[in-house]
2 protein chains.
Amino acid sequence: MQRALSLRGAQTPVVEVVRADFSGSDKTRMLSQKAKYALRAVLLLAERQEDEELVLIAEIAEREQIPRKFLEAILVELRKDGILESRRGKNGGYRLARPLDRISFGDVIRSIDGPLAPIRCASRTQFQPCTDCQDVDTCSIRWAMTKARDAMANVLDGWTLADAVRQRHGIGAIPLNFAV
Amino acid sequence: MQRALSLRGAQTPVVEVVRADFSGSDKTRMLSQKAKYALRAVLLLAERQEDEELVLIAEIAEREQIPRKFLEAILVELRKDGILESRRGKNGGYRLARPLDRISFGDVIRSIDGPLAPIRCASRTQFQPCTDCQDVDTCSIRWAMTKARDAMANVLDGWTLADAVRQRHGIGAIPLNFAV
DNA sequence: TTAATGTCTATCGTTTTAGTAGATTTAACG
DNA sequence: CGTTAAATCTACTAAAACGATAGACATTAA
């Protein structure tokens, strides 16, 4: 049975130019624009946090080029999750609710985008089995995704605003677990 | 200036029942349903690959409870990316295009969902700067996301169908880098 | 009281996701 | 050759998520 010969596999492109399109397009997959804005905002607050002053939404919006109204919603979420504090009224504004070294990238991302895990059944903070799952305990997809989540969480929960600010200013070494 | 007292932080819920809602809802974030189907399909083919036989789409669909027509599209993508081979016509069907130990979870996920990186500027296979990026080289978000991507890729590219099948059958040890 | 500020609620257009339907091509077999 | 069993291609659709916007409302300092 020599049928291997007639099998259709990947078309190895005869000319490479063929591969020049955007197959796979522009899927964001994971970090939403919203979470990216959140990180930028929080990072800005981190730079300011020394001078005990509150920072205006308007200022954050302008400096980071984030749509004002959209940013408002983001900041409210971060406040509800205990990452930011705010005061309303005249002289109001925002600031970080905790010291720089106690706010991680993971905290911010979870606040805006939800669990870090690629799939709910691999989440440690928001576990939920797939509706069509046959056996949660032996599922090898879940197993791999859990490992992936842990690896990612290890990075994102270990990397704090303090680290980012330090890195940005070029002072201080990068933590050991993040060596390249 | 005692303004810390009047700051609004996270509302520590007075009654815990309040927290019973689904804030954060059901965002998939990363692994799409489609990619999950793809992994299930490929895993099934991996179990069958010994007996040189081709497997019907219909059979995969039924066994894995995947909508038939949707599955077709998935298998075509996997074939185009060189993960599967197929033959049409009578006695047609699908099978893996490479040995089990040369197809990783990362391969399958990339084929269906695109780059593993949480954000394009952190992708090694599909790099692209953010349109609003001020400085790609010093961006600390990109930096963190790159580390997260690498950690995740290390897991998903290292975990192959061979590993998954071995694990499923309870024989053979889990590779060192995946020790818990 | 007023002006400056954050907060809440509702809405909206676009893109992505998940899925469906039907016509078409290919290969085996008699 | 004709039939039949398969994959494949093209087009469409409903629902959700995403990114944003608008406007009324609540709070605080001066």
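Every chain is numbered from 1 and lettered A, B, ... according to where its sequence line falls, protein lines coming before strand lines. Remember, it's a predicted structure, so these values are computed and weren't measured experimentally.
- Residues A:Val165 and A:Gln49 have side chains not in contact (no heavy-atom distance under 4.5 Å, counting atoms from C-beta outward).
- Residues A:Leu156 and A:Met152 are in side-chain contact: their nearest non-hydrogen atoms beyond the backbone lie under 4.5 Å apart.
- Identified under the ring pair (Phe, Tyr, Trp, His ring centres under 6.0 Å) test for residues 75-98 of chain A, with sequence neighbours left out: none.
- Rounded to a whole Å, the CD atom of A:Glu59 is 14 Å from the C1' atom of C:dT5.
- Nearest to the side chain of B:Tyr37, among C:dC8, D:dT8, C:dG19, sits C:dG19.
- Here A:Arg98 pairs with A:Asp107 under the side-chain hydrogen bond (donor to acceptor under 3.5 Å, both in side chains) rule; sequence neighbours left out.
- Atom CZ in B:Arg68 sits roughly 17 Å away from atom C1' in C:dA18 (whole-Å rounding).
- If you check distances only, the side chain of A:Lys36 never reaches the base of D:dG19 with a donor-acceptor pair under 3.5 Å.
- As rounded to whole Å, 13 Å separates atom P of C:dT5 from atom CD of A:Glu62.
- At a threshold of 4.0 angstrom between heavy atoms, the contacts of A:Leu56 are confined to the sugar-phosphate backbone, with no base atom among them.
- One interatomic measurement links the two molecules: CD of A:Glu85 to P of C:dG6, which rounds to 15 Å at whole-angstrom precision.
- Across the protein-nucleic acid pair, B:Leu84 atom CG and D:dA7 atom C1' stand 13 Å apart, rounded to whole Å.
- Chaining together hydrophobic side chains whose heavy atoms lie under 4.5 Å apart leaves A:Leu56 on its own.
- One atom, CG of B:Asp113, and another, P of C:dT16, lie 13 Å apart when rounded to the nearest Å.
- Side-chain proximity of B:Asn91 to C:dC29, D:dC9, C:dC8: nearest is C:dC29.
- Two residues, B:Glu72 and A:Ala35, neighbour DNA chain D, and the one matched to the more 5' nucleotide by heavy-atom proximity is B:Glu72.
- Candidate nucleotides D:dA20, C:dA18, D:dG23 were compared by shortest atom distance to the side chain of A:Lys69, and D:dG23 ranks first.
- Between the CZ atom of A:Arg40 and the P atom of D:dG19 there is a distance of 13 Å, given to the nearest Å.
- The interatomic distance linking A:Ile57 (CD1) with C:dC8 (P) rounds to 11 Å, in whole Å.
- Counting only residues at least two apart or in different chains, salt bridge (Lys or Arg N to Asp or Glu O under 4.0 Å) contacts with residues 121-137 of chain A comprise A:Arg124-A:Asp150, A:Asp132-B:Arg40.
- Taking Ile, Leu, Val, Met, Phe, Trp and Tyr as hydrophobic and joining them when side-chain heavy atoms fall under 4.5 Å apart, one finds B:Val136 in a cluster with B:Phe127.
- The phosphate of D:dA17 has neither OP1 nor OP2 within less than 4.0 Å of any side-chain N or O from A:Ser32.
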Would you tabulate the nitrogen or oxygen pairs shorter than 3.5 Å linking the protein to nucleotides 24-27 of chain C?
unit_1 : atom_1 : unit_2  : atom_2 : d
C:dT25 : O3'    : B:Arg88 : NH2    : 3.4
C:dT25 : O2     : B:Arg88 : NH2    : 3.2
C:dT26 : O4'    : B:Arg88 : NE     : 3.2
C:dT26 : O4'    : B:Arg88 : NH2    : 3.2
C:dT26 : O2     : B:Gly89 : N      : 3.3

